[in-house]
Structure formats: structure tokens, C-alpha cells
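As the structure is a computational prediction, the values presented were derived from the model and not from experiment. Both counts, for ligands and for their atoms, begin at 1 and track the order of listing.
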Amino acid sequence: MIDEKEYIKRRKDLMSMMHINSIAVISAASEKVRSKDTFYPYKQNVNLTYLSGFQEPESVLVLIPGREEGQVILFCRERDPLREVWDGFRVGPAAAIKKYDLDDAFPISDIDDILPNLIEGKDRLYYAIGKDPDFDKRILDWVNHVKSQRGNGALPPGEFMDLDHFMNEMRLIKNAAETGVIKKAAQISVEAHKRAMTFCQPGIYEYELQAEIEHQFNKSGASGPAYTSIVGGGKNACVLHYIENKDILKDGDLVLIDAGCEYENYAADITRTFPVNGKFSTQQAAIYDIVLEALEQAIEVTQPGAPYNVTNETTIKVITEGLVNLGLLQGEVTDLITSEAHREFYMHGAGHWLGMDVHDVGDYKIDGEWRVYEPGMVVTIEPGIYISEHNMRVEEKWRGIGVRIEDDIMITKTGNKNLTSGVPKSRKAIEELMIKI
Ligand code: GLY
Ligand code: MN
Ligand code: MN
């Protein structure tokens with residue numbers, strides 16, 4: 001669990017990196033209309049959550065390191081009994097101070113009067129430059145307000161810095177509290193995948209497996225899926241972001257499920273591919289075993305001190321060799337790797353950082369060089385082979401097979417830990433789980 005102490009520490013760490021005599025401004029996400037007067041479920045700006053846990057829209061967090069009257073200030077909605085009957089509880093500025101360990105809080109309706117005074121005289125202003133055009137404009141309005149007071153001696157900030165650069169680096173390395181929550185997200189998602197595998201049989205619809213998965217997420221305390229669940233039977237598995245999930249699952253086909261929950265604002269991201277009827281065909285088994293070997297070898301090399309790209313390169317090598325052995329690629333493996341021949345069948349990278357965003361923040365290269373794995377990083381590894389139903393270069397028996405297998409790997413001081421190994425992935429373990437008595 002991420003508690004108040006953790007939020008205080010994060011704000012302190014960020015402020016210790018900020019320039020002397022500076023200010024950071026972090027805005028809430030805006031609410032998005034879904035249909036007429038109804039909204040999408042609200043998703044807070046992840047950086048505001050990271051620094052405070054505050055979940056209400058129409059709020060702005062301000063950090064001013066070294067300010068004697070208070071360094072941590074929140075602008076938020078006032079209590080409003082009428083609106084609260086319709087939309088739910090609002091904490092209000094007075095109670096927010098205590099609940100979120102702030103130094104001060106004001107009604108959001110007062111921000112235009114108060115914030116320019118807080119900005120005035122600061123050398124540097126940090127915010128998420130260019131992420132939200134409306135917020136960019138509000139920042140400029142506040143700064144211009146300070147400029148307009150120049151005649152009275154007011155000094156606008158001379159430098160603007162992208163806050164995300166600092167936030168991304170902080171968020172990339174997860175501490176013990178965070179890895180605890182990610183493990184829980186992973187564990188819930190493991191149970192959900194096992195449930196879907198057990199439930200699967202020919203003749204049901206893709207959306208039924210989605211329902212099994214998401215039922216398990218919600219009944220386990222997750223807020224829901226961390227991204228739209230992908231359930232693709234047969235050739236639908238070859239559409240990387242297939243989310244229609246509307247087709248019938250056929251005897252003899254594989255089904256690919258890519259789904260992970262969001263638990264206490266942290267994501268899991270798991271893919272498994274298995275036979276709808278519980279038994280792999282010869283061709284499916286051949287493709288599956290290459291992808292599994294690629295995943296296992298890639299997990300092996302994903303170690304503290306290793307460069308990030310070693311994971312991707314390992315998957316490419318194993319997949320290229322495997323496709324040559326099956327006759328799906330022709331030529332020398334080294335030449336095929338150089339010419340990136342695998343891209344016909346494996347057209348995405350081996351994974352991404354995982355955290356509060358499913359495709360989490362953090363640079364993959366530093367000064368043009370691949371960054372090195374460090375303890376506390378969490379990464380997905382997700383090789384795949386997708387043979388288009390339209391690929392006339394391969395024999396018909398291979399067409400329409402799509403396989404991806406994805407695990408969530410935490411880098412530790414001494415190696416790594418697979419957080420999602422609980423979902424079966426050897427063919428034998430899958431077939432055993434799926435056997436119907
Ligand atoms: N679920 C999206 C991904 O695997 O990257
Ligand atoms: Mn995924
Ligand atoms: Mn992924």
C-alpha cells in the first residue's frame with residue numbers, strides 16, 4: 001500500500017531535485033465526456049496521484065521548495081452538499097490539509113488570484129510542458145499576469161522546465177512499497193488468466209473470456225483493466241491491438257488473451273495464448289514453442305547491469321532461428337537478423353517499462369546509449385509470432401496462427417523475479433489446466 005509517508009517522501013525527493021527558488025505546478029486530469037452529459041470513468045493525472053494520492057478532478061498541486069510559509073499547496077474543489085448528492089464526496093481544502101499532509105490548501109476558484117503571487121519572484125517554473133494545451137495556456141496566463149505587474153516590481157520566472165523529465169526518472173525505479181502493489185496487481189491478473197483458461201471451450205464468444213477475466217479483476221479489488229482487454233481467437237490474434245472481442249471461439253483455433261488489471265493505481269500486463277479446445281495442433285505447437293523459448297531466454301538475460309536492448313535482441317535471435325528451422329524464413333540466421341527479416345512475423349519490440357502506466361514512463365536510452373537494468377525496474381517481456389491469413393509466402397497450414405506470451409519481470413539486486421509466472425505457459429501445464437473432467 002502507498003501510504004502518506006510514501007507521498008511525503010516522493011514530494012521531498014522531487015523538491016530536492018528542483019532548482020533553488022523554483023516552483024512546480026501539477027494539474028489534475030480533466031473529465032472527458034463520453035456521451036452527452038455522461039463521462040468516462042475519471043482517471044487522475046498519474047503524476048498528481050504519484051505525488052499526493054489525490055483523486056479529485058479540478059485540482060492543482062503546487063510545490064515550492066524552501067518556502068517558509070509552506071512548501072506543499074493544493075487547490076481543490078470546495079465542499080458542495082448539492083453536487084455531492086449527485087457526484088460524490090469532495091474533501092474540500094480544510095480537510096485536505098490533514099488528510100493529505102499538505103502545508104496549505106485553497107479553493108480551486110481562487111487559483112487565478114493566488115497562484116500568480118506564488119509564481120512571482122521564482123527563477124524557474126516546472127510543469128508538464130506541452131501535455132495539455134489548456135493547461136499550457138493557463139500557465140502562460142498566470143505568468144503573463146505576473147509580467148503585467150512588472151511596473152510594480154514583479155518578477156516573472158525566466159526559465160521553464162519540463163517536470164516530466166524528473167517525474168519519469170523517479171517513477172521508473174520502484175521501491176518496496178510500489179513493488180508490493182505491483183505484485184498484487186500481477187497476482188490478481190494471474191488468477192484472472194487462469195480463470196479464463198479453465199472456462200474456455202469451443203463455441204463460446206471472445207467477450208465471454210473477457211468477462212471472466214474482468215470479473216476476477218473487480219471481485220479482487222482491482223479498479224478494472226489497466227488497458228482494454230484483448231481476446232483474439234484464431235486469426236484475430238494476428239491483430240496486435242484487437243479489442244472488438246466479438247467473435248466465436250472455434251474448435252482447433254488458438255486464443256490470445258492480453259489483459260492485466262489496475263490495482264491501487266499500478267498495472268499488470270499479461271498475455272497467454274492457448275488452444276480453445278485445450279490441445280495444441282502440430283503447427284500451433286511448433287510456433288508456440290519458439291515464442292516460449294524466446295521469452296524464457298529473454299527473461300534469463302534481463303539482469304541488473306545488462307543493457308535494455310539485450311532482451312529484445314535475444315527474442316529476435318530465438319525467433320529468427322526458430323522460423324528458419326520451420327522453413328518460414330530462408331537464409332543464414334545472421335544475415336536474416338541484420339536485415340530484420342523477423343519483422344514479417346514479429347513486428348513489435350520485446351516489451352516496455354511497467355508501473356502506474358501500463359506503458360510506463362522512463363527513457364530507454366541515455367545520451368544515445370541503451371540504459372542498463374537496475375534493481376527496482378519492472379519490465380514486460382512479450383515476444384510473439386503472427387502469421388497473417390493473407391501471407392501467401394508460407395504454406396496454408398501456418399496461416400492465421402498468432403502467438404504472444406507476456407510476463408512481468410522485476411529487476412532485483414541479484415537477478416530478476418517473474419511476477420506473473422503463476423499462469424501456466426508450458427504446453428503441458430496449459431493442457432493439464434484445461435483438461436475437462
Ligand atoms: N497490453 C499492451 C501491451 O502488451 O503492451
Ligand atoms: Mn500486454
Ligand atoms: Mn505489454
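Among protein residues, Tyr227, Asp258, Asp269, His352, His359, Glu382, Glu406 come within 4.0 Å of ligand 1, judged on heavy atoms.
Checked for salt-bridge contact, Lys246 and Glu206 miss the test: no charged N lies under 4.0 Å from a carboxylate O.
When distances to the Mn ion (ligand 3) are checked against a cut-off of 2.8 Å, Asp258 contributes no N, O or S atom below that limit. The distance from the Mn ion (ligand 3) to the nearest N/O/S atom of His352 is under 2.8 Å.
For Lys184 and Tyr263, the positive end sits near the middle of the six-membered ring, less than 6.0 Å away and at most 45° from its axis. Figure legend: Arg10 and Tyr50 shown as a cation-pi pair, the cationic atom lying under 6.0 angstrom from the six-membered ring centre and within 45 degrees of its axis.
The ring of Tyr288 has its center closer than 6.0 angstrom to the ring center of Phe280. Taking the six-membered ring for Trp and the full ring otherwise, the centers of Phe217 and His215 sit at least 6.0 Å from each other.
No other N/O/S atom of Asp269 lies as close to the Mn ion (ligand 2) as OD1 does. Between the Mn ion (ligand 3) and the N, O or S atoms of Glu406, the shortest distance is to OE2. Closest approach between the Mn ion (ligand 3) and any N/O/S atom of Glu382 involves OE2.
Of the possible polar contacts, none joining the Glu169 side chain to the Phe166 backbone as a donor-acceptor pair under 3.5 Å is found.
More than 12 heavy atoms of other residues, nucleotides or ligands sit less than 6.0 Å from atom CE of Met392.
In this structure Tyr207 satisfies the ring pair (Phe, Tyr, Trp, His ring centres under 6.0 Å) test together with Tyr205, sequence neighbours excluded.
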